[in-house]
Structures are given as structure tokens and as C-alpha cells.
Amino acid sequence: MAASAPADLLSQIRVNGAVPRHVAIIMDGNGRWARDRMLPRPLGHRSGMKSVREVVEGAIEVGLEVLSLFAFSQENWQRPAGEVSALMSLLEEYIQREADELDAQGVQVRMLGELERLTPAAAAAVDRVMKQTAHNTKLRLNLFISYGARAEIVRAARLLAAEVAAGSRKPEEIDEVAISQKMFTADCPDPDLLIRTSGEQRISNFLLWQVAYTELYISSVLWPDFRRRELYGAILDYQNRDRRFGRVSA
Ligand code: FPP
């Protein structure tokens with residue numbers, strides 16, 4: 001049977017109605033995609049940039065509020081120097097090539113993570129695109145760079161501890177809302193759907209606090225091959241889930 005066209009999948013999403021507000025994606029499999037073609041790994045990452053463009057456009061069409069992409073983990077700093085520098089250059093290139101288009105599409109770009117570790121050129125590009133697109137409201141695109149979820153939780157704990165030490169907050173005022181407000185994602189709803197590509201079944205230190213009740217979807221497709229069809233397929237699968245948040249069905 002022929003696979004459904006993206007436009008048909010989009011129509012079905014609209015018929016179903018309840019669209020997720022926030023979709024997060026662990027973009028995995030660039031290295032394997034390159035290896036399968038006997039290409040150097042950075043070419044897999046470069047090819048993955050096309051998939052980023054495609055899912056941003058798909059997210060706008062579906063009407064997501066937030067799209068979160070895990071682009072570079074804290075652990076990724078341990079990769080060979082050549083691959084790290086290729087990823088930093090790609091980040092700059094992505095911003096250079098896409099900033100005006102993202103702005104025109106109404107996308108607000110936010111880069112989240114330990115940005116102080118970026119190269120000065122990458123940090124300047126990040127700063128530029130965040131300022132340029134800050135006023136946009138159509139879609140919020142969170143790009144997680146130099147990010148680790150445990151480090152994010154440690155950071156939140158330190159921020160709250162500092163407020164307690166300064167006397168501006170009491171320990172008993174620290175609750176789930178207070179912690180959420182110290183996360184990089186403070187102004188976003190928690191993800192409704194987390195997609196991981198390339199068949200791996202791990203969270204890999206991504207948004208640990210925020211995914212407590214998120215629906216997981218594992219796609220066997222390698223990230224450079226991920227297109228609207230796969231995004232829409234994941235959203236359709238999500239729409240058939242019974243989200244109970246620990247309660248019983250209605
Ligand atoms: C994981 O694949 C992917 C990454 C570490 C980098 C993700 C980067 C991009 C998609 C391109 C750049 C995007 C922007 C927005 C700048 P992997 O290398 O771990 O793949 P493997 O598991 O097959 O080795």
C-alpha cells in the first residue's frame with residue numbers, strides 16, 4: 001500500500017482536532033545516515049539541517065505553539081574536535097541562512113542551554129537571531145544547544161537556593177511551579193509529544209523535568225530522512241493516545 005501523502009495526513013490531523021501544543025524532538029541518526037553512504041559524519045549533520053527546516057514548516061502548518069529540538073548535548077562536547085567544530089559552524093550557517101526566513105514565517109527562535117560554552121562567533125549568531133525574532137508569535141522554536149537536563153535541574157536548584165539564602169523565598173515556598181519557573185522552558189507548556197528518531201529508545205538527558213507526562217514516539221527513520229510525513233504520522237499517533245496523567249479514563 002502506498003504511503004499517505006503529507007497533505008492527506010495533515011487533513012486527518014485537522015479532522016481529529018486536538019493538536020499537541022508542544023512537540024519535542026531528539027534528532028538522532030545523523031552519524032549512521034552518513035556512515036551508510038560512506039560519508040564523513042559532519043555531512044550527516046549538514047543533511048539534518050534540511051530536516052530541521054522541514055519540521056519547522058510542518059509545525060507551522062499543523063499549528064503547534066512550541067517546537068523543541070535537541071541540537072547539541074553537553075555530552076556532545078566530548079566528540080572529536082573536528083565534529084564539534086563542524087557542528088558549531090553548522091549552527092552559525094543555519095542562523096545565517098534561515099534567520100530572515102524564520103522571521104518572515106513568524107517564528108520566535110530561542111536557543112537554550114549553557115550558551116557561554118559556544119564559540120564567540122556561534123554565540124554572536126545565536127544572540128542575533130534571538131533578538132531578530134523575539135517579537136514573533138506564530139511558533140516558538142526552542143533549539144537546545146550545549147544542553148543537559150540534569151544540569152538544568154541543578155541550575156534551577158541553585159537559583160532557588162540563592163533566593164532562600166537572600167531571604168526572598170521561604171523553603172516551604174519551593175514547589176513544582178517554582179522549580180518549573182526556573183527551567184529554561186519557564187514560559188512554555190510541557191511537551192505533549194516527544195519524538196526520537198533512529199529507533200533509539202532513550203531520553204538521553206533531554207527535558208527530564210518537563211517530560212513527566214509526555215507521550216513518547218520512537219521513529220525508526222534516521223534524522224536526515226525525517227520529513228513532514230514522519231512528523232504528521234507521529235502527531236496522528238499521538239491523537240489516538242489516551243492521556244490519563246495517572247488517573248483513569250473518562
Ligand atoms: C545526533 O546524531 C545529532 C546531533 C548530535 C546533532 C544534531 C544536529 C543537526 C540536526 C544539524 C544542525 C541543526 C541546527 C539547527 C544547527 P548522531 O551524530 O548522534 O547520530 P548517530 O547516533 O547515528 O551517530
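Read the numbers this way: they start at 1 and go in the same order the structure lists the ligands and their atoms.
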Checklist line | Proximity winner for atom 8 (C) of ligand 1, if only heavy atoms of Leu90, Thr197, Asn30, Leu143 are counted | finding: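 Among Leu90, Thr197, Asn30, Leu143, the closest heavy atom to atom 8 (C) of ligand 1 belongs to Asn30.
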Checklist line | Option with minimal heavy-atom separation from atom 17 (P) of ligand 1, where the choices are Asp28, Leu141, Ile26, Ile145 | finding: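 The nearest heavy atom belongs to Asp28.
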Where ligand 1 meets [X] - atom numbers and elements under 4.0 angstrom, heavy-atom basis:
| X | answer |
| --- | --- |
| Trp223 | 10 (C) |
| Arg79 | 5 (C), 17 (P), 18 (O), 19 (O) |
| Gly31 | 17 (P), 18 (O), 20 (O), 21 (P), 23 (O), 24 (O) |

So which protein heavy atom does [atom] come closest to, and at what separation?
| atom | value |
| --- | --- |
| atom 11 (C) of ligand 1 | His45 O, 3.3 Å |
| atom 12 (C) of ligand 1 | Met49 CG, 3.9 Å |
| atom 1 (C) of ligand 1 | Met27 O, 3.1 Å |
| atom 22 (O) of ligand 1 | Arg32 NH2, 2.9 Å |
| atom 16 (C) of ligand 1 | Leu91 CA, 3.7 Å |

salt_bridge([X], [Y]) N-O dist < 4.0 Å:
| X | Y | value |
| --- | --- | --- |
| Glu200 | Arg202 | yes |
| Glu93 | Arg46 | yes |
| Asp127 | Lys131 | yes |
| Glu101 | Arg53 | no |

Note to self: Testing the 3.5 Å rule here: is there a donor-acceptor pair between the side chains of Arg227 and Ser51?
What the structure shows: yes
Check: Just checking, any donor-acceptor pair under 3.5 angstrom between side chains of Trp223 and Ser198?
Finding: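 Checked: Trp223/Ser198 side chains show no N/O donor-acceptor pair below 3.5 Å.
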Item checked: Residue portion contacting ligand 1 (non-hydrogen atoms closer than 4.0 Å) for Asn76 ->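 Answer for Asn76: side chain.
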Margin query: Does Lys182 have more than 12 heavy atoms from other residues, nucleotides or ligands lying within 6.0 Å of its NZ?
Written below: yes
Note to self: For the backbone of His22 and the side chain of Asp192, can you confirm whether one donor and one acceptor N or O come within less than 3.5 Å of each other?
What the structure shows: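 Yes, Asp192 side chain to His22 backbone: donor-acceptor pair under 3.5 Å.
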Next item on the list: Determine yes or no for a side-chain-to-main-chain donor-acceptor pair under 3.5 angstrom, with Thr119 supplying the side chain and Ala122 the backbone.
Entry: yes
Could you check whether any heavy atom of [X] sits closer than 4.0 Å to an atom of ligand 1, since that is the contact criterion I want to use?
| X | result |
| --- | --- |
| Arg41 | yes |
| Phe72 | no |
| Ala71 | yes |

Checklist line | Identified side-chain hydrogen bond (donor to acceptor under 3.5 Å, both in side chains) partner of Asn30 from the options Arg35, His45, Arg41 | finding: His45
Next item on the list: Using distance alone, determine whether Tyr94 and ligand 1 share an N or O pair under 3.5 Å.
Entry: no
